[in-house]
Amino acid sequence: MPTSTVGHTPSLSTFLKSLKTNDIESSIELLVSLLKRRQIRNSRQCALATTHLLLSVVAKERIRDAQKLIERIRSVGRRLVAAQPREFAVGNIVRRVLGVVREVAEDNEDSSVGSELLSPGTPTTPGTSEARRPHLPKTFSEFTPLHGAAALPESFQTGLHASSSELESLAADSKPQRPSLMSSTTSYAAQGPSLTSLFSILQHPAGRSPAGSPGMSTPTAFSPSMKPSSSRPATPQRPGTASGPKEKMDIKAEVIDGIKELLDELDVVDSQIAENALDHIHSNEIVLTHTSSQTVQKFLMTAARKRKFTVFHAEAYPNNHEATHATILNGAAGDEDTDERWKPLTDMGITVILIPDSAVFALMSRINKVILAPHAVLANGSLLAAAGASTIARAAKTHHVPVVVLSGVYKLSPVYPFDTDELIEYGDPSKVVAFEDAAFAEKVDVVNPVYDHVEEDLVDLYITNLGGCAPSYLYRIVADHYRVEDVDLSSKEGVGAAVKAA
Amino acid sequence: MGPKVKKNAGKGSKTEDVEKEPPLQAVVHLDAFEDRFLPFTLERPRCLLTLANTPLIEYTLEWLASVGVEELYLYSGNHTEQVEDYLNSSRWTRDASPFTLELIHSPSTSIGDNMRNLDQKEIMKGDFLSVYGDIVANIPLEAAIRSHKSRREKNKSAIMTMILREAGDYHRTKDHHMRRCFVIDPATDRCIHYEQVKPRHSPRLNIPEEVLKDHVEIDMREDLLDCGIDICTPDALAQWSDSFDWKMPRKDFVHGVLQDYETFGRTIHTYIISDGYAARANTLKTYNAVSKDIISRWAYPYGPDMNLMADQSFQLQKGTVYKEDGVILARSSMVGKKSVLGKATSIGEGSVVTNSVIGRRCVIGRRVRIDGAYIWDDVSIGDDTKINTAIVANEVSVGRKCEIKRGALLSYGVHVGDGTTVKEDTRITRTKRKREHENNEFSRGPTDNKIVGKGGEGFELQLDEEEEEVVEALRLGIQELDLTLVDDDISDLDSDEETDTAYEQRSNSRTTSFTSNASDESGETRRNKADFHHEASSSIFDALQREQDPDNIQLELKALRMTSNAEDSQVRRAVAVAFSKRITNLIESGKSPKEAVDSSIPANQRLITSCVKETEEQAEFLLFLQTDLVHRPQGNKILLFAVNVLAENDMVDGEGLKVWWEDARSSASEELEAVRKETKQIVDIMADESDEDEDDEDEDDEDEDDEDED
C-alpha cells in the first residue's frame with residue numbers, strides 16, 4: 001500500500017529492511033537513535049536489532065584480524081549501550097557476539113599454534129599479561145554496577161577458559177560447539193562444560209602447569225581449571241602474527257556462522273522454554289501471569305494442548321494493559337514484521353480471567369503458581385519486569401506461592417544491581433494522569449515507572465532455554481555465556497575489565 | 001519503507017525516485033518573527049537557545065527524524081550563520097543523518113514569505129510537513145498523514161491538515177495571550193471556522209451563517225493546543241502565493257482559505273490527537289512550561305536522559321534529578337527535585353538547588369539558593385547569592401550576596417557586581433541592537449551600574465525596545481495616539497499563576513515589530529487608529545518604494561483617511577513614519593544617509609506639504625520623524641539630513657524647527673536627545689535666521705508665529 005510508506009514511523013522492521021541497503025555507519029546511527037527514541041524497545045526487539053546490526057558489521061567490514069574485530073564490535077557495542085543503558089539485551093548480545101569472536105579466534109589459534117590456548121583478548125606481551133594475573137583473585141565475588149563496570153566472580157573466568165579447553169578437546173571438529181546452543185532440558189550443571197574441561201585439563205597437565213600461579217588463583221571449587229588462564233605466559237606469539245591468511249578468512253565466516261546461530265537461538269528461544277511447560281503446569285492448576293509477554297503465552301499454550309488449567313491475568317496498567325487485553329481477546333501478536341497472531345488461550349478451552357493489578361493480593365491465596373516474564377535478569381538472580389511484578393512476587397511470597405520466571409538466556413545480563421533505582425526507567429506520566437488534566441499534573445509529581453525490580457529471594461525458579469535453574473545458580477550461566485573481558489564494555493581495552501576490577 | 005532506503009535511492013539517482021512515492025518532506029520555520037526571547041535572541045537565534053541543556057532545534061529535528069521525514073528545508077532569518085555553523089557540526093549534516101537537510105536563508109519577514117519562497121522554488125513534490133523550529137514533540141504522525149492522504153485521494157481540495165493536541169481548558173504549554181477557537185465538523189474533521197480570541201476580549205465568535213446551515217453537527221473547541229504542525233499540500237503553497245499579504249499561517253492563511261470556501265471550495269482539516277506530547281517553546285512562559293514538562297517526563301522519551309546530543313551523558317536519578325558525568329557536589333550541598341545538572345558543574349558547600357536547570361561548567365558558590373532558575377553554560381555564581389525563577393545565559397557571572405529576583409533575565413556575558421539586587425522582570429544585556437530590519441548590527445551598550453552594581457557589566461534592556469520607546473515618547477504628549485500602539489498587551493497581569501506572571505507579562509508584549517508589522521496578529525477592527533496608522537504608513541512606504549507619483553499617493557492617503565475617519569495628526573505621523581522607513585530602506589541598500597534623504601524627500605515634497613502647513617504641524621511632523629528615527633540605524637544622521645532638506649525646500653521653517661526643538665516631548669528621553677543632537681546646528685542656524693528676520697522687522701518674540709510664510 002503506497003500511502004503507508006511515506007511517513008512510516010521507523011521501527012524494528014524498517015530498521016531490518018534498511019540494514020540491507022545502508023552502509024554500516026548510518027545503520028549504527030539509525031539504531032542508536034531508534035533506541036534513544038524508544039522506537040525499538042523491549043528485550044526481544046533490541047536483541048534482534050543488535051544481532052542483525054552486528055552481523056552486518058562483521059559481514060560488511062573488511063576486518064580479518066580477530067583483535068581488530070573485537071575492538072570494532074566493542075566500540076559499536078559501547079555506542080548502542082550508551083544509547084539506552086536500560087535495555088540490557090543490547091549489551092548482552094554484544095557480549096555474546098564478542099564471545100563468539102573470541103571463541104573462533106581461540107579455536108583457530110589452536111589449530112595453527114597447536115595445543116596452545118591463547119586468548120586473542122590478550123594482545124599484550126606475556127610479561128604484562130602475567131603482571132595482570134595476580135590481581136584477579138581480588139575480583140572474586142566482586143560485582144560492579146550498571147554503567148559499564150559489571151563484573152563477575154573471578155571463578156567465572158576459569159569457567160570460560162574451561163569451556164575453551166573443552167573446545168580445544170573437540171578441536172578435531174572444524175566448527176566450534178557453543179554451549180549456549182545446547183538445548184538439553186537437563187540441569188545445566190549436569191552438562192557442565194567445566195567438567196569436560198576438567199578432563200581435558202587432566203589430559204594435558206604438563207603443558208599447563210604454571211609456576212607459582214596456583215598460590216594466586218584461589219577460587220576453591222574451580223582451581224584446577226584456573227590453569228589454562230595462567231598458561232598464557234607460555235604462549236610466545238601474538239594472535240595477529242601467528243595466524244596465517246588462510247585461516248583469517250575463516251574467522252570471518254565462522255563468526256558470521258556464530259552470529260547466525262545466535263539469531264537462530266533468538267528465534268527458537270520461546271519454543272525451547274515452552275518445552276518445559278508440561279513439567280511445571282499441571283491439570284486444574286490456577287496460574288497467575290502478568291503482561292502480554294509472548295514467551296508466557298507460548299508456554300501456557302504448550303501446556304494447554306495437554307492440560308486444562310485456569311489463568312489469572314493481571315493487566316499491567318498503565319504501560320501494557322492495552323496489549324494485555326488484546327492478547328487475551330485475540331491471542332499474542334507474533335513478531336513485529338509478521339501480522340499473524342496466535343490463537344488466544346481461550347480458544348483452547350482455557351479459562352482466562354483478567355484482573356486489575358490491585359486484585360493480585362486478594363486472589364493470591366487461590367493461586368498455585370505465578371509465571372512472570374522479565375525485561376532483564378541480573379547476575380545475582382534478581383530481575384526487572386514490567387511494573388507490578390514486584391507486587392505480585394511479594395504477594396506470592398506471603399502466600400508461599402512459587403514464582404516461576406521464563407527468560408531466554410539473551411535477557412540474562414552480567415550486571416549486578418547496585419542501585420536498583422537507577423535500573424528502573426521512568427516512562428510517560430500522561431499514561432497515569434491525562435495531559436489535559438493540567439491543574440492536577442502541575443501541582444503533583446506524577447511518576448510512571450516502567451519496570452519493577454524483583455529481588456532474587458522472591459523468585460523460586462528460572463526457566464531458560466537451557467532448562468530450569470534456581471536464582472542462585474544464574475551466575476553460572478552468566479559465566480558460561482559472557483567472557484569476563486567483555487563484561488565491562490565501556491573500557492577501551494579488551495582485558496580492561498580485569499584490570500579495572502583490580 | 002525505511003527512510004534510509006529512500007535516501008540512498010535518492011542519492012543514487014533521482015530518476016528511480018519518480019515511480020516511488022515521493023519522500024516525506026518538511027519545512028521548518030526557525031524564525032518565528034517575534035521578539036519574545038529578547039534579550040537572548042539579540043545574540044543567538046531562538047532555535048539554538050538551550051532547553052534543559054539541549055538546543056531547541058535538536059528536539060525538533062529528532063522528532064522530525066522519528067516521524068520519518070527524509071527531506072528537510074530550514075528557513076532561517078536572524079543569525080543564519082550561527083545556525084549554519086551549528087548544523088554543520090551536528091550529526092544532522094553527516095552521512096548517517098536520517099534526512100537530507102537544506103538551510104535556506106531568507107530575508108523574509110513572515111511565515112507567508114517563507115511559504116511563497118518555497119512555492120517559487122518548487123521543491124515540494126508532494127504533501128509535506130510545516131513546523132516551527134521550537135517544537136518539542138513525541139507524537140507519531142503516521143496516522144495523521146494517512147488520514148490526510150486518503151482524504152486527498154477523495155477530494156483534491158483538502159489542502160491542509162492541522163495537527164492539534166487536546167490540552168484541556170488550561171494547560172501551562174498553551175498560548176495564554178491568544179485563545180484559539182476551532183469550529184470543526186466532527187463528521188469530516190473539517191475545520192469550518194477559525195478565530196483567535198483574546199482573553200477578556202470579544203467573548204463572541206463571528207460564525208458565518210452558512211456554517212450553521214450546512215453542518216448538522218459542529219464542535220466548537222477551545223481546548224486544543226495548536227503547535228503549528230501542519231500537513232500541507234503543494235496546493236496550499238499556491239494559495240500562499242496567490243495572496244501576497246498573508247503572513248501568519250493561522251490568522252491569515254486558515255482564516256483566508258476558510259473565507260473563500262464559498263468561492264474556491266478549498267478545505268482545511270484537523271487531526272486531533274489525545275496522546276503524546278507536542279508543544280512549542282515560543283514564549284518565555286512556554287519555555288518555562290516545556291522545560292518543566294520535559295524534566296517531569298511528559299515528553300518521554302524526550303528528556304535530558306535521552307542524551308540527544310552525542311556528547312551528553314545525562315542520567316536520571318532519584319527524585320527526577322538529571323546529572324551528567326563529572327558533576328561536583330559539595331557534601332553539604334543539596335540538589336532537590338526536578339533539577340538538571342550539566343557536565344563539570346560544581347556546587348559549593350551549603351548550596352541548595354531546586355527545580356532548576358544548570359548548564360555545563362557552571363561554578364556555583366557556597367550557600368547559594370537557586371530555585372526555579374534556568375542557568376545556561378559557563379555561569380559563575382558567587383557565595384550567598386539567591387536566584388529565583390530567572391534565566392541566566394551563558395558566561396554570566398553573578399557576584400557575592402546578590403539577589404536575582406523572579407523573572408529577571410541576564411543575557412550573555414553580563415556581570416552582576418557583588419551585593420546587587422536585580423529587580424523583578426529586569427532584562428539585562430550587554431548588547432545593543434543598532435538595527436533596522438534583518439541586518440542586525442550589534443554593539444556593546446553602555447554599562448548601567450545602577451542595575452548591575454559596582455564592577456558589573458550590562459544595562460537594562462527596555463521591555464520592548466523598538467515600540468516601547470515610541471510609546472513612551474508619545475505618551476507624554478499625544479495621548480490619543482499612544483493608545484493605538486499599546487494594544488491588547490497590558491493584560492493578564494492578574495494571571496492565575498503567580499510564578500508565571502513574570503513570564504506572562506513579557507510574552508504578551510507585542511508579537512509585532514513596529515516597523516515591519518511582520519506578525520501583526522492583533523489587527524482587529526476595533527482598533528481603527530492603529531489600523532489606519534499601519535495601513536497608511538505601509539501603503540505610503542510601498543508607494544515611495546515604487547516611486548509613484550506623489551499626487552497619487554496623496555489621493556490614496558486621502559481616501560484611506562476618509563474611510564477610517566483619521567485625524568490630521570495621524571496622517572502626519574503616517575507620512576513621517578513612511579519616510580523614515582523609506583530612507584532607512586535606501587540606506588540599507590547602500591546609499592549614504594544624505595543620498596537617501598535627497599532621493600526621497602524632495603521628489604515627494606508635495607506629499608509632505610499637503611499635510612504639514614502650520615508651525616505646530618511642522619513641529620509635530622518633526623517630532624514624529626524624530627521618534628521614529630530613534631530606533632533606526634543612523635537615525636541621527638537621517639534626521640540631520642532630513643531636517644536640512646525639509647528646511648531647504650521650505651517644508652519647515654525656522655519657527656517650526658524652534659517649536660519642535662523646544663517641545664519637551666522632543667527631548668523626553670536620552671534616546672530622543674541622542675537622535676536629535678546633531679541636528680542642533682541646523683536648528684540653530686535656522687532659528688537664527690528666523691530670529692534675524694524677526695530682529696530686522698520686529699524685535700518682539702510674540703510675532704514668531706506670524707513669520708510663517710503660508
Side-chain angles (χ1 to χ4, degrees), chain A residues 1-11 13-30 32-39 41 79 82-86 146-147 419 421-422 424-431 434-439 441-442 445-448 450, chain B residues 1-5 8-9 20-24 62 65-69 91 94-98 126-127 138 140-142 144-146 149-150 153 165-174 223 274-277 292 296-302 306-308 313 315-318 320 337-338:
Chain A
M1 184 165 105
T3 48
S4 65
T5 55
V6 163
H8 202 99
T9 314
S11 63
S13 47
T14 61
F15 171 73
L16 293 181
K17 271 180 202 155
S18 70
L19 202 54
K20 294 189 186 96
T21 46
N22 275 343
D23 60 297
I24 293 297
E25 196 50 36
S26 17
S27 297
I28 297 170
E29 204 53 43
L30 180 62
V32 164
S33 39
L34 286 175
L35 285 171
K36 278 187 178 177
R37 288 183 221 134
R38 316 298 278 123
Q39 284 174 328
R41 59 183 308 159
R79 287 167 66 185
Q84 198 48 260
R86 289 186 182 87
L146 166 61
H147 300 290
D419 184 358
D421 281 318
E422 249 179 61
I424 291 171
E425 178 173 0
Y426 286 91
D428 178 5
S430 67
K431 290 188 171 162
F435 178 77
E436 296 91 300
D437 197 354
E442 272 170 39
D445 289 347
V446 187
V447 289
N448 172 18
V450 180
Chain B
M1 185 66 50
K4 294 308 215 161
V5 182
N8 270 20
K20 283 198 218 152
E21 192 78 8
L24 183 59
E62 184 71 35
S66 82
V67 298
V69 169
R91 66 204 159 104
R94 291 203 205 117
D95 282 348
S97 160
D127 296 358
N138 65 3
L141 286 184
E142 211 173 345
I145 293 174
R146 212 180 301 131
K149 298 230 160 173
S150 64
E153 263 159 35
R165 171 74 167 97
E166 284 181 334
D169 241 5
Y170 166 83
H171 198 280
R172 58 186 173 193
T173 54
K174 255 168 100 176
D223 65 330
S274 51
D275 18 57
Y277 185 84
K292 282 184 175 155
S296 23
R297 306 190 72 75
W298 289 91
Y300 172 85
Y302 295 80
M306 188 183 180
N307 296 322
L308 275 170
S313 57
Q315 279 172 32
L316 173 59
Q317 294 172 346
K318 222 179 257 181
T320 338
K337 271 186 181 171
K338 299 192 193 169

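Note that the structure is predicted; figures quoted are calculated from it, not measured.
Between A/Asp445 and B/Lys338 there is a salt bridge, since a side-chain N of the basic residue sits under 4.0 Å from a carboxylate O of the acidic one.
Across B/Ser296, B/Ser274, B/Gly168, the residue that shares the most heavy-atom pairs under 4.5 angstrom with chain A is B/Gly168.
No donor-acceptor pair closer than 3.5 Å links the side chain of A/Glu25 to the backbone N or O of B/Asp95.
Counting heavy atoms from C-beta outward, B/Gln317 and A/Asp421 have side chains that stay 4.5 Å or more apart. Contact check for B/His171 versus A/Glu436: no side-chain heavy atoms found under the 4.5 Å cut-off. A 4.5 Å side-chain heavy-atom check between A/Glu442 and B/Lys292 finds every atom pair outside the cut-off. With contacts defined as side-chain heavy-atom distances shorter than 4.5 Å, the pair A/Phe435/B/Glu166 does not qualify.
If you take CZ on B/Arg94 and OG on A/Ser26, they are separated by 12.0 Å, rounding to the nearest 0.5 Å. With rounding to the nearest 0.5 Å, the separation of CD in A/Glu425 from CG in B/Leu316 is 9.0 Å. Between atom OH of residue B/Tyr300 and atom CZ of residue A/Arg38 there is a gap of 4.0 Å, rounded to the nearest 0.5 Å. To the nearest 0.5 angstrom, A/Ser430 atom OG is 7.5 Å from B/Asn138 atom CG. Summarising the geometry, atom NZ belonging to A/Lys36 is positioned 6.0 Å from atom CG belonging to B/Asn307; distances are rounded to the nearest 0.5 Å.
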message: If you apply the rule side-chain contact (heavy atoms from CB on, under 4.5 Å), what do you find for A/Glu422 with B/Gln315, and how did you get there?
response: CA-CA 8 Å; A/Glu422 249 179 61; B/Gln315 279 172 32; 3.8 Å; yes
field: Verdict with reasoning, B/Arg297 to A/Asp428, per side-chain contact (heavy atoms from CB on, under 4.5 Å)
entry: CA-CA 6 Å; B/Arg297 306 190 72 75; A/Asp428 178 5; over 6 Å; no
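Residues B/Ser66 and A/Pro10 share a closest heavy-atom pair of O-CD, 3.0 Å.
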